[in-house]
Amino acid sequence: QRHFDYVVNMTQNKLSGYLTDLIEAEEVYGLTIDNKDRSDFFSPWFRYLEDHVTLGGANVFHYNDALAGGLGLQIQPEDLRCRFDEEPQFQDEVRSLGLKTKGLVVQATSFDSRKEWDVTSLGDALLAFQSLNQDSSITLIGAPFEADQIQSLYGQLQARGLHLQMALLSLGGVTALLNQSKCLLTVDTSIKHLAAGTSCKIVELALGSADVRKTGVYKDHSLIIEPKIECFPCAHRADGCERKTFECRQAIPGDLAGLALSHFYRGTLDGLHVLAEQTKDECAMSLVKTTPFGFWRKISCSPSDWSFEASRLLTMLSTQRLLDGSHKPMGTDVALHLIEEVYLLMGAMDSDRFSKWLKSIEADSFKKQTTIESMVHISRTLRKHHNPAECLEKMHQKLVTEIHVDEDPNLFDRVRRGMEIDWSTSKLVDNFDYLRQLDVALDHSFQKSEIQHRLIRYAKELSERRTR
């Protein structure tokens with residue numbers, strides 16, 4: 001039996017929890033489950049992965065950030081740099097193909113066929129891009145074992161009048177090519193994550209089970225395009241598609257995506273914002289940002305969404321501070337960054353408009369804080385009440401009325417689980433175990449709303465001082 005310095009459980013499932021508990025180590029991170037089925041997460045961030053990310057809330061942290069938070073780390077761009085191409089043989093691999101570089105690279109295939117784009121739509125997008133960027137090369141890439149699939153796709157696209165190059169490369173060869181290219185158009189696959197460590201710009205086309213909130217491309221200023229259909233993203237472990245056809249493959253018009261790709265490729269972001277606003281009912285376009293707060297977020301390219309984005313930033317900031325330890329001082333830098341980010345998001349607003357926005361957000365935050373505070377009181381009296389199930393049902397109705405499920409999915413889940421029905425009597429069962437869990441969830445939500453309220457107040461004071 002070996003003894004280890006560190007054990008990190010990054011998979012967060014039952015089997016890995018049991019295995020992690022059996023390994024002797026000085027320090028343990030992540031879920032452990034002992035022989036009496038008692039679990040421990042060793043960090044609020046790992047607990048958060050279990051309670052929030054898996055419940056599908058909209059304002060969840062990227063997996064990279066949640067795992068880094070659990071390990072007490074903060075991801076720096078240099079940490080993601082891919083160094084494959086420093087080996088001479090990979091430079092030689094690209095050079096031997098005689099490719100034109102400095103252009104667009106296309107990764108169209110994935111192990112999960114649900115993530116692949118419809119060939120017709122891909123062709124439409126590349127034709128639109130080619131017509132607007134006639135001097136740019138387009139290179140279709142794949143792994144050597146995909147030769148037949150890539151050759152077939154290459155032939156279909158060429159038949160439509162596209163001027164393409166084809167390259168079957170090792171991972172090191174792909175890295176070398178990306179560092180010599182301007183932009184990558186990719187579906188959700190390993191090449192997307194590899195490209196985050198190169199100098200290449202990235203456009204991610206998210207389809208099927210690609211859930212960008214959790215595993216989106218982790219690189220500043222990347223563009224993400226998603227379909228706007230009810231079933232997206234589908235379950236990661238699902239087999240096939242629940243619809244008769246893969247609707248998300250046709251949900252993003254190829255010519256629209258090609259125009260967005262061209263704006264992004266040439267750096268005409270004003271044009272991208274106009275396009276995103278005009279087509280927001282057809283698809284969602286977002287730009288990735290990881291600074292200055294140290295966590296990943298995607299920001300809508302549609303200007304009409306920017307007020308919402310500013311409010312969502314507040315929610316994520318308060319959650320981050322709670323998970324890191326709400327005892328930490330707020331810090332002038334956090335409030336100043338918040339003010340600057342909101343100014344950027346909502347345009348060069350004047351101080352009066354900014355103050356009005358802060359007052360509106362402050363009122364909403366206070367309302368939510370008051371609501372959760374009353375729920376904490378209800379929760380504390382549930383065990384004394386002659387009918388706890390009735391109280392639980394009232395709390396559920398209050399949650400539905402006052403708090404959106406995306407803000408606190410954990411609260412909804414705890415209440416839902418607690419509301420078990422005895423079908424012999426058609427009455428709710430008094431589930432005291434879940435009531436205790438609900439009490440903890442409410443306490444965390446109250447702390448988070450308190451941090452958010454304090455941050456807003458601090459930003460408001462700083463803003464008023466700066467305008468005097």
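For the residue pair A108 and L122, the shortest heavy atom distance occurs at CB-CD2, 3.9 Å. Shown here for P233 and A210, the closest heavy-atom pair between the two residues is CB-O, 3.8 Å. The minimum heavy-atom distance between I138 and F129, with the atom names listed, is CD1-CD2, 4.0 Å. For the residue pair L272 and L287, the shortest heavy atom distance occurs at CD2-CD2, 4.5 Å. Pairing each heavy atom of P227 with each of A251, the nearest pair is CB-CB, 3.7 Å. What you find for G103 and S181 is that their closest heavy atoms are O-CB, 3.7 Å.
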Steps toward side-chain contact (heavy atoms from CB on, under 4.5 Å) verdict (N13, L31):
CA-CA 8 Å; N13 58 42; L31 172 66; over 6 Å; no

May I have the step-by-step check of side-chain contact (heavy atoms from CB on, under 4.5 Å) for T109 and E116, ending in yes or no? CA-CA 6 Å; T109 56; E116 295 179 349; 3.8 Å; yes

Kindly indicate, with the supporting measurements, whether the criterion side chain to side chain donor-acceptor pair (under 3.5 Å) is fulfilled by D270 and T268.
CA-CA 6 Å; D270 287 344; T268 53; over 6 Å; no

Take M166 and L97 through the test side-chain contact (heavy atoms from CB on, under 4.5 Å) and record every step on the way to the result. CA-CA 9 Å; M166 186 180 80; L97 296 175; over 6 Å; no

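Residues N133 and S262 are in side-chain contact: their nearest non-hydrogen atoms beyond the backbone lie under 4.5 Å apart. When side chains are defined from C-beta on, S43 does not count as touching Y29, because their heavy atoms never get closer than 4.5 Å. Proximity of L80 to K219: side-chain heavy atoms (C-beta onward) are nowhere separated by under 4.5 Å. The side-chain heavy atoms of N179 and C82, taken from C-beta on, include no pair separated by under 4.5 Å. Two residues are said to be in side-chain contact when any heavy atoms from C-beta on lie closer than 4.5 Å; L49 and L67 meet this criterion. Residues S209 and D112 meet the side-chain proximity criterion, which asks for heavy atoms closer than 4.5 Å. Between Q180 and Q91 the shortest side-chain heavy-atom distance falls below 4.5 Å. Within the 4.5 Å cutoff, the side chain of S136 has no heavy atoms near those of the K182 side chain.
Not a single donor-acceptor pair under 3.5 Å links the side chain of T279 to the backbone N or O of E282. The backbone N or O of A176 sits nowhere less than 3.5 Å from a side-chain atom of E93 that would complete a donor-acceptor pair. Looking only at distances, no side-chain donor or acceptor of Q12 sits under 3.5 Å from a matching main-chain atom of G30. Side-chain atoms of S152 do not come within 3.5 Å of backbone N or O of Q149 as any donor-acceptor pair. W296 places no side-chain N or O within 3.5 Å of a backbone atom of F61 that could act as its donor or acceptor partner. Within the 3.5 Å criterion, the main-chain N or O of L164 finds no donor-acceptor partner in the side chain of Q158. Without hydrogens or angle criteria, S318 side chain to T315 main chain gives a donor-acceptor distance under 3.5 Å. Between the side chain of D188 and the main chain of A206, no donor-acceptor pair closer than 3.5 Å is present. Of the possible donor and acceptor atoms, none in the side chain of K214 sits under 3.5 Å from a partner among the backbone N and O of V60. T139 places no side-chain N or O within donor-acceptor distance of the main-chain N or O of V105, the cut-off being under 3.5 Å.
Partner K298 forms a side-chain hydrogen bond (donor to acceptor under 3.5 Å, both in side chains) with one of E226, H62, E204 and no other, that one being E226. For the pairing with I141, the side chain to side chain contact (heavy atoms under 4.5 Å, CB included) check across L99, L177, V106 returns one residue only, L177. Results of the side chain to side chain contact (heavy atoms under 4.5 Å, CB included) test with M285 over L275, I252, I224 single out L275 as the only residue that passes. The one candidate from I75, L313, N64 that meets the side chain to side chain contact (heavy atoms under 4.5 Å, CB included) condition with F295 is L313.
Ring-plane geometry between W45 and Y48 is classed as perpendicular, the angle between the planes exceeding 60 degrees on a 0 to 90 degree scale with a lower cut at 30.
In this structure, Q165 CD and K100 NZ are separated by 7.0 Å, a value rounded to the nearest 0.5 Å. Atoms CD1 and OG1, from I202 and T186 in turn, are 8.0 Å apart once rounded to the nearest 0.5 Å. A distance of 11.5 Å separates CG in L323 from CG in D65, rounded to the nearest 0.5 Å. Rounding to the nearest 0.5 Å gives a distance of 15.0 Å between OH of Y265 and CG of L223. Interatomic distance, OG1 of T319 versus CG of L314, reported as 10.5 Å (0.5 Å rounding). From L127, atom CG reaches atom CG of L157 across 8.5 Å, with rounding to the nearest 0.5 Å.
With respect to D92 and R95, a salt bridge is recorded, a charged nitrogen being found less than 4.0 Å from a carboxylate O.
Q107 and T189 are not linked by any side-chain donor-acceptor pair at a separation below 3.5 angstrom, with hydrogens and angles left out of the test.
Surrounding OH of Y6 are at most 12 heavy atoms belonging to other residues, nucleotides or ligands under 6.0 Å away.
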